[in-house]
Amino acid sequence: MRHKKILFLIFVVCLIETVAAFLPTVFKEWYFYYAAYRVLYFVILAYAWNMLGGYCGFMNFGVGAFAGVSAYASAYLLKIGVSDFLTTLLFGVIVSTLLGFVLAFCTVRVTGSYFSIASLALTFILQAIILSQPELGGGGGLYIPEPAPPAPYTDFREFLFVLAVGTALVALLTSWKMETAWIGKGLLSIKDDEIAAGTLGVDVVKLKLLVVLISSAFMGFIGATLPYYVLYLEPYSTMSIEVTVTTVASVYLGGIGNFLGPLIGGGILGTIMQTVTVTISSELNMLVVGILLVVLITSAPTGIMGIVKRMQGVRQSND
Amino acid sequence: MIPAEMLLNAFVLGILVGGLYAIISLGISMGIGLLNISNLAHVGFMLLASYGAYTLNAEMNLDPIVAGAMLSPFFFILGYALYVMYYKVFERRIELPGTGLVFLFGLLVILEMVMYALFGITERGIYTYYSMQTITIGFLRLPLRILYPFILCFGLVIAIYFFLTRTRLGIALRGVGLDEHVIACVGCDPLRAKSIIFGLSLATASLAGGFLIAAQPISPYSGRQFIGIAFAVGVIGGMGNIFGTFLAALLLGVLGNLVTALYGSIWGAAISFMIALLVLLIRPKGLLRR
C-alpha cells in the first residue's frame, strides 16, 4: 500500500516536471517565468526552513546568509572564469552546507536558541565581510554576464523556472519522506522530549546534523541559481533578514511541520509580494510581512494546514 | 610595523568599548541564562531607547545617558508586560517549540521598520559638551564619550551582581533560572520572578541605548552588529553569569579593537563570533563558568 503511494507520488512529480519542461516551448510569456521563479525561490527556502524548524524545532534565522553565501560562491566562480553551470551550482551547495554544518556542529549540544541567535548574527557578519571585500564586489555589487540558455529554451530564466519546479518537487518529496519515514519519527520524538528520545536510542545529535545538512543543501542549491537570475548581486538584499522574514512567514502561513505548508504559504505570500512589490517600498513590505508573522504565530500558529486539519477533524467527528 | 603607542591606545579603548558591550550583552545573557529565551529583539529595544534619548535631547536638551536612565522604568514595565504576554501565549504551548523565538525575531523586524519609518535611514547623533573632549594621560587618549559610559557600566554591572547575589529578591530571581518548580514550592510566583527578570533585561537595554547614542551616531539598523558581539560575550562569559559577561565583554572589546586596528573593523566582529563558536565546542557552559 505504502509502496504504491510513493510510486504514484513520484509519477505525479515526474508528470508535473515534464509539463513544466515543455511549457516554455509552447507558452511564451517571459514575465510569467520571471515571477514564477521568484515565487518558487521562496517556496523552496520555506521547505528547507520547515525541515529544520518544523520537524526539528531548530529555528534558523540565517536563511539570507545560507542562500546568500551560496549565491556569492557561484557568482565568484563565474567571475573568475568558471562558467560551467553545474560546477557553480555544486560549489554553492558545498559552501552553504559546510556553513550549516559548522554552525550546527558547534551549537548542537546546547539548547536550540543558541543556533537561532548565531544564525541571525551570521547574516550580519557575512554581509559586513562581503561589503569589505572588493573581489566580491563590495557594496557596489557584482555583475554577472548573462549565460546562454540550454538547447530548447530561448531565455535562461525559462530553464531556471524548470529547474526551480523540479527542486520544489524534490523538496516536497523529501519533506513528505521526513514526516513518514524513520527519520520523521525520530525527529518527532526529539521535538517532544529530547532527553527521553536520547535514552530510547535516538541519536539526537546525528539526526539533527543530518537535517541541518539537508536543509542547508536545499537553501544552497536554490541560492546558487540566484546570480543567474538577477545577474547582479549586492549584499544588502542578498544577505538580508528580509529573505528570512519572508521565508519564516511563508512557513507559518502555510502551516509549520506539514509537508504541504511551505508550498501553500510560499505560493500565497510569494505571489502577493511579487504583485505588490512594484507599488510599495521594500521597507514597508518588510513591516507588513513582519506584522503578518507576529499576528500569525500569536493567533493561528498552525497556519492554513492546521486549520484545514482541524476542520477535517470536526467533519469526521460529526459523521 | 604599527607603533606600540597606537596598539596600547587601541588596547585601552578596547577596554572602554568593552564596557558598552557588557551592558548590551547583559540583557541577552540574562535572558538565555535565567529564562532560556534568546531575546533577538533586545538590540531593537536598545535602539528604541536610543531614539527615545535622541527625542528627549531634541525636545528638552537632556543628556543622553540621563535620558536612557529616565526611560528605563518604562522599559521595565514594558518588559514585564511583554513577558507576561509571552508566557501566556508561547511558554505554555509545548507542542510548538521555538515559536517564541520567531515572535521575538518578528518583533525585531517590526521595531527596526518602525524606527526606520519614524526617523529615516540618516544617522542621528547627540552632541553634548563632552562629545569631543578627551582626557590625555601620557600618550593615552581617553575620549569622554566612551569613558563616561564605561564607568557607569562598570558600576551598573557591580550593582546588578550584588542585587542578584545578595538580596532576597535577586536570589529568588536566580532560583527561577535553576528550577522554577522548587521556587514555586517555597512560595514565590515563578511567573512574577521571570517577568521581573525580563523587565530588568529591557531596563538594561534602555540604559545601553542611552550609552550607545552618547558614544556614537545611530541608524535604525545599528543594533544588528551587536547581535554577534552579544552572542559571543554571552557564550564566552557563560550565559547568565554577570561577572563572566563583564570580563568576556572587556576581553572581546580589547580583542576586537586590536584586530580592528590591525586588519579593519569587519574582522573584529567576525573573530569574536568564531571564538564564540569554538568555545561552544570546547566548553559549552562558557569559559568563565565555575
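Just so you know, these numbers use all the heavy atoms, side chains as well, and skip hydrogens, waters and symmetry mates. So that the names make sense, note that chain A is the first sequence line, chain B the second, and so on, each numbered from 1.
Interface remark: of the candidates A/Ile117, A/Val110, A/Ile125, A/Leu293, A/Ile117 forms the most heavy-atom pairs closer than 4.5 Å to chain B. Looking only at heavy-atom pairs under 4.5 Å with chain A, the residue among B/Val109, B/Ile37, B/Leu108 that has the most is B/Val109. Counting heavy-atom pairs closer than 4.5 Å to chain A, the top residue among B/Ile227, B/Ile282, B/Val102 is B/Val102.
Heavy-atom distances place both the backbone and the side chain of B/Ile110 under 4.5 Å from chain A. Only the side chain of B/Tyr221 comes within contact range of chain A, with heavy atoms under 4.5 Å apart. For B/Ile28, the part lying under 4.5 angstrom from a heavy atom of chain A is the side chain only. Looking at B/Phe105, the atoms closer than 4.5 Å to chain A (heavy atoms on both sides) all sit in the side chain, from C-beta outward. For A/Phe58, no part lies under 4.5 angstrom from a heavy atom of chain B. Neither the backbone nor the side chain of B/Ile229 comes within less than 4.5 Å of any heavy atom in chain A. Proximity to chain B is limited to the side chain of A/Val248, based on heavy atoms less than 4.5 angstrom apart.
Summarising the geometry, atom OG belonging to A/Ser70 is positioned 10.5 Å from atom CD1 belonging to A/Ile94; distances are rounded to the nearest 0.5 Å.
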Practice problem: Just do the side chain to side chain contact (heavy atoms under 4.5 Å, CB included) check on B/Ile213 and B/Tyr51 with the steps written out, would you? | Solution: CA-CA 8 Å; B/Ile213 197 165; B/Tyr51 277 114; 5.8 Å; no
Practice problem: For B/Phe103 and B/Phe90, run ring-ring contact (aromatic ring centres under 6.0 Å, His included): C-alpha distance rounded to whole Å, both residues' side-chain angles, the deciding distance at 0.1 Å, then the answer. | Solution: CA-CA 9 Å; B/Phe103 169 74; B/Phe90 299 110; 5.1 Å; yes
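Shown here are the side chain to side chain donor-acceptor pair (under 3.5 Å) partners of A/Ser113, two or more places apart in sequence or in another chain: A/Thr111. Residues forming a salt bridge (Lys or Arg N to Asp or Glu O under 4.0 Å) with A/Lys206 (at least two apart in sequence, or on another chain): A/Asp203. Considering only residues two or more places apart in sequence or on other chains, B/Thr55 meets the side chain to side chain donor-acceptor pair (under 3.5 Å) condition with none of them.
When the options A/Val205, A/Leu103, A/Val212, A/Val204 are evaluated for a side-chain contact (heavy atoms from CB on, under 4.5 Å) with A/Val108, the one that passes is A/Val205.
In this structure, B/Tyr54 and B/Phe119 have perpendicular ring planes: the angle between them is above 60°, well past the 30° mark.
Along residues 42-50 of chain B, no residue comes nearer than 4.5 angstrom to chain A, judged on non-hydrogen atoms.
Under the 3.5 Å distance criterion, with hydrogens and angles disregarded, a donor-acceptor pair is assigned to the side chains of A/Glu234 and A/Ser237. In this model, no donor atom of one side chain and acceptor atom of the other lie less than 3.5 Å apart for A/Glu135 and A/Tyr76.
In this structure, the side chain of A/Trp49 does not engage the main chain of A/Val251 through any donor-acceptor pair within 3.5 Å.
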